[in-house]
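Below is one structure; the comments refer to it alone.
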2 protein chains.
Amino acid sequence: MNIGENKTWNHHVVKEGNKSLVLKKIINHSPISRAAVAQEVGLNKGTVSSLVNDLLEDHLIYESGPGKSSGGRRPVMLLFNEKAGYSVGIDIGVNYLLGVLTDLSGNICNEKEVTFKNLSYEEIESQLFDTIDYLMASAPKSPHGIVGIGVGVPGIVDNSGEILLAPNLKWKNLNLKLILESKYKLPVIIENEANAGAYGEKKFGAGQDSEHIIYVSAGIGIGVGLILNGSLYKGSNGFSGELGHMTIQVNGPTCRCGNKGCWELYASEQALLTAAEKMQLASSNGKELDLNDLLALAEQGDKKVVSLFEQAGDYLGVGINNIINSFNPQQVIIGNRMASSSKWLNKTLSDRVSNQALWFQQNNLTICFSELGTFSSALGVSAFSIENFLSVSIQQKTSLNA
Amino acid sequence: MNIGENKTWNHHVVKEGNKSLVLKKIINHSPISRAAVAQEVGLNKGTVSSLVNDLLEDHLIYESGPGKSSGGRRPVMLLFNEKAGYSVGIDIGVNYLLGVLTDLSGNICNEKEVTFKNLSYEEIESQLFDTIDYLMASAPKSPHGIVGIGVGVPGIVDNSGEILLAPNLKWKNLNLKLILESKYKLPVIIENEANAGAYGEKKFGAGQDSEHIIYVSAGIGIGVGLILNGSLYKGSNGFSGELGHMTIQVNGPTCRCGNKGCWELYASEQALLTAAEKMQLASSNGKELDLNDLLALAEQGDKKVVSLFEQAGDYLGVGINNIINSFNPQQVIIGNRMASSSKWLNKTLSDRVSNQALWFQQNNLTICFSELGTFSSALGVSAFSIENFLSVSIQQKTSLNA
DNA sequence: TTTTGTTAGTCTAGTGGCTAAACAAAGTTT
DNA sequence: AAACTTTGTTTAGCCACTAGACTAACAAAA
């Protein structure tokens, strides 16, 4: 057994671990009685009673009226107090900023979206502050208030939370975490947008039942978030999942990263748009062509556009097949903007995978599109904040109760 | 804190965890005194004393004479009793079978290699039994005797230890684990050869200081073993790391797996040999051309052959770059037969990676060749057995001492 | 209605492994 | 020799757990 590598073990750790088990049980199976928790988790009734009391004091759970009797005393049902606090999740895109206020179960209580183009960092920062201010102000009164702020960004974030590079925003070496923490005096989590999306789908979306999920965020570029053994895998420095720049064609066209034949040259939104431009397609309203224009054309039955989508779906399949061979996942979820084109991508994509993936890899494998749509990332970072809050709550109370 | 998902926590777990910490400390820092262990792992002196006594009773450690005084009483030095038991590790290759007997520290005490060609399963099994018998018989007397048998195979092994497919041996759905367990009445571990190699390098070879290691086993085909967060990542069913069949050229030549442009068509030993045959190169002794012939030719200065190696090194780099983008590892280790050609592969390989890998991925990244040579896999499976034995020892004693 | 049986939740005593600190043992330094 | 240091053991106390007795609250049978 490989129990946590370095930390020593004592009764605090035991209590903390068990409290976490009890809380998770209540969250995932509410309403549930103390007795049922004890039986299902494998703890003594008395132990559960005591831990439940702690959680009640913390307002993390609450008792509802008595449940149905099964031939004896009626149980007191316990529920997760999802309104005990609220979390702010922000998804910063290349030309939009989407913010959500969620409760502790990830239910969206409020949201705000801003779209823009070519803003400077200072302008985006100002929009960011406004959005956070607005969402925080709109949170109902609750025992714990706002428990944290999470931000997803389309770029490279290191393990300390510093944004090393966000090419499409032209940001470099930006420590947004420090900026937000000092302004709001709250725990802040900065995460790569694909990682956030992966976590969002794991927690609240299509991936809730899987432990091994690969989330492919296909937008202007392609990023990938990895959920391995049930938790986010970030690699040595936090840079895992940069699969948009995986070579699928050794001597292919040159990518903005300097290499040749990168996956995102074939299967991203940008790839679609570039191909469409080459075909001399123009937008109906005279503006720059965008994905929605292509979708509209496809709906109108434009064969050329449909085949563009099919081509992209096929290439998506090529990369996803490489992913399957690498990770042997249970689930591959395709998210971000390209997910909106699932109708046109799906056939060629699944054909490619079912024809090409090694047979044993295809057992217990589902490939699907995002359930949370454009909210994946915002919900994911919000979930990070919530997780963090819950684990800290459990820790603090354990050590204070001494 | 995400402490183990499902198990409940009690005193046994605490003791088990701490005993494991103490044992690891002694293994990695011997000779060391009780006092030093207590200080470094953060446990109370008394606790350490008691745990050390348990370990002494188990013969897992022993006391040597007193160490140097630092101004007070001389410490009693503790050492890992690496001769407390022995483990058998077998690497089954396509045309060889390599067995080692190791002590609990992975030191090779005895070894036996058999080479063959086109043997049936029954013939290989018989060789396997002979090798195991020979190695077990040669083990010195020890408190725990043979603690387990590990076998690495060039094929697909599922999480239960069943060999689903070993194409080059023509094995299918073979439960070697059951066969060996019932014959030897010992714990048996069957593992994919690349996974075993990865673990071998992590435990005893080039990867001892890294937590995120990708081991590329480049032989006739290419397999990859993944060490993520310090432990082997096997994926949902045990089929991770099948990167030999990663597409690097969408419309490339057809692979035996049925797909096109697989990595191993460009960067494996077989790829080298096929390319050499096309050049009408022949072996000096009239037999089929093999890697050693090519190495000899390269040593003689044959430019054509050297450029074959260089080409393969470049393609190795292409795949490794994809790996880096996926996993953001600390270390990439190239092993198996192609590692013997490191001299000729290294330049083009490192050029490819340093030119192509994104700059931030190159910090704290080392790319190297196997340290254990042909022993990686055999040592790896042996290490699995040892790990398993040690963790079981700690558990049993904890629960029996009630 | 009363009795009996069942289930829920609390309470109490006991246990095991931990910590802190006293203590014994065995050195070095002055 | 006395004073100081360091190692390792022992003791007392603590804390979170378990088992099981107990109380509470219900259903079903008498």
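Lettering of chains follows the sequences in order, A, B, ..., and the numbering in each one begins at 1.
- When only modelled atom types and interatomic distance are considered, Ser87(B) and Ser382(B) share a side-chain donor-acceptor pair under 3.5 Å.
- Close placement of the Phe327(B) and Phe327(A) rings is indicated, their centers lying within 6.0 Å of each other.
- The side chain of Ser33(B) has dG8(D) as its nearest neighbour among dA19(D), dT19(C), dG8(D).
- At whole-Å resolution of the value, CG in Leu51(A) and C1' in dG9(C) are 14 Å apart.
- Across all strands, Val76(A) comes closer than 4.0 Å only to sugar-phosphate atoms, never to a base (heavy-atom distances).
- Distances shorter than 4.0 Å separate some side-chain N or O of Thr47(A) from OP1 or OP2 on dT18(D).
- An OP1 or OP2 oxygen of dC18(C) is reached within less than 4.0 angstrom by a side-chain nitrogen or oxygen of Asn18(B).
- In terms of position on DNA chain D, the residue among Gly71(A) and Leu43(A) whose nearest nucleotide sits closer to the 5' end is Leu43(A).
- Residues Ser70(A) and Asn10(A) each lie close to DNA chain C; by heavy-atom proximity, the contact nearer the 5' end of the strand is made by Ser70(A).
- One can find a donor-acceptor pair under 3.5 Å joining the base of dG9(C) and the side-chain atoms of Lys45(A).
- Between the base of dA25(D) and the side chain of Arg73(A) there is no donor-acceptor pair shorter than 3.5 Å.
- We find that CD of Glu63(B) is positioned 15 Å from P of dT7(D), with the value rounded to whole Å.
- Atoms NZ and OG, from Lys202(B) and Ser210(B) in turn, are 7.0 Å apart once rounded to the nearest 0.5 Å.
- Rounded to whole angstrom, the span from the CD atom of Glu16(B) across to the P atom of dG17(C) amounts to 11 Å.
- Atoms CD1 (Ile32(B)) and P (dT7(D)) sit 11 Å apart, rounded to a whole Å.
- Going from atom CD of Gln39(B) over to atom P of dT7(D) covers 8 Å, rounded to whole Å.
- For Arg74(A) and dA25(D), the shortest distance from a side-chain N or O to OP1 or OP2 is not below 4.0 Å.
- Put simply, the side chain of His11(B) and the base of dG17(C) share no donor and acceptor less than 3.5 Å apart.
- Tyr233(B) and His212(B) have their aromatic ring centers separated by at least 6.0 angstrom.
- Comparing dT7(D), dG27(C), dA19(D) against the side chain of Pro75(B) picks out dT7(D) as the nearest.
- The Asn44(B) side chain lies nearest to dT19(C) when the options are dG17(C), dT7(D), dT19(C).
- Mapping Gly72(A) and Asn53(A) onto DNA chain C by nearest heavy atom places Gly72(A) closer to the 5' end of the strand.
- Separating the CG atom of Leu55(B) from the P atom of dG8(D) is a distance of 15 Å, rounded to the nearest angstrom.
- Between His29(A) and Phe80(A), the distance separating the two ring centers is not shorter than 6.0 angstrom.
- With Asn10(A) contributing its side chain and Val13(A) its backbone, the two residues share a donor-acceptor pair below 3.5 Å.
- The separation between Arg34(B) atom CZ and dA25(C) atom P is 16 Å, rounded to whole Å.
- Separating the CD atom of Glu40(A) from the P atom of dA8(C) is a distance of 11 Å, rounded to the nearest angstrom.
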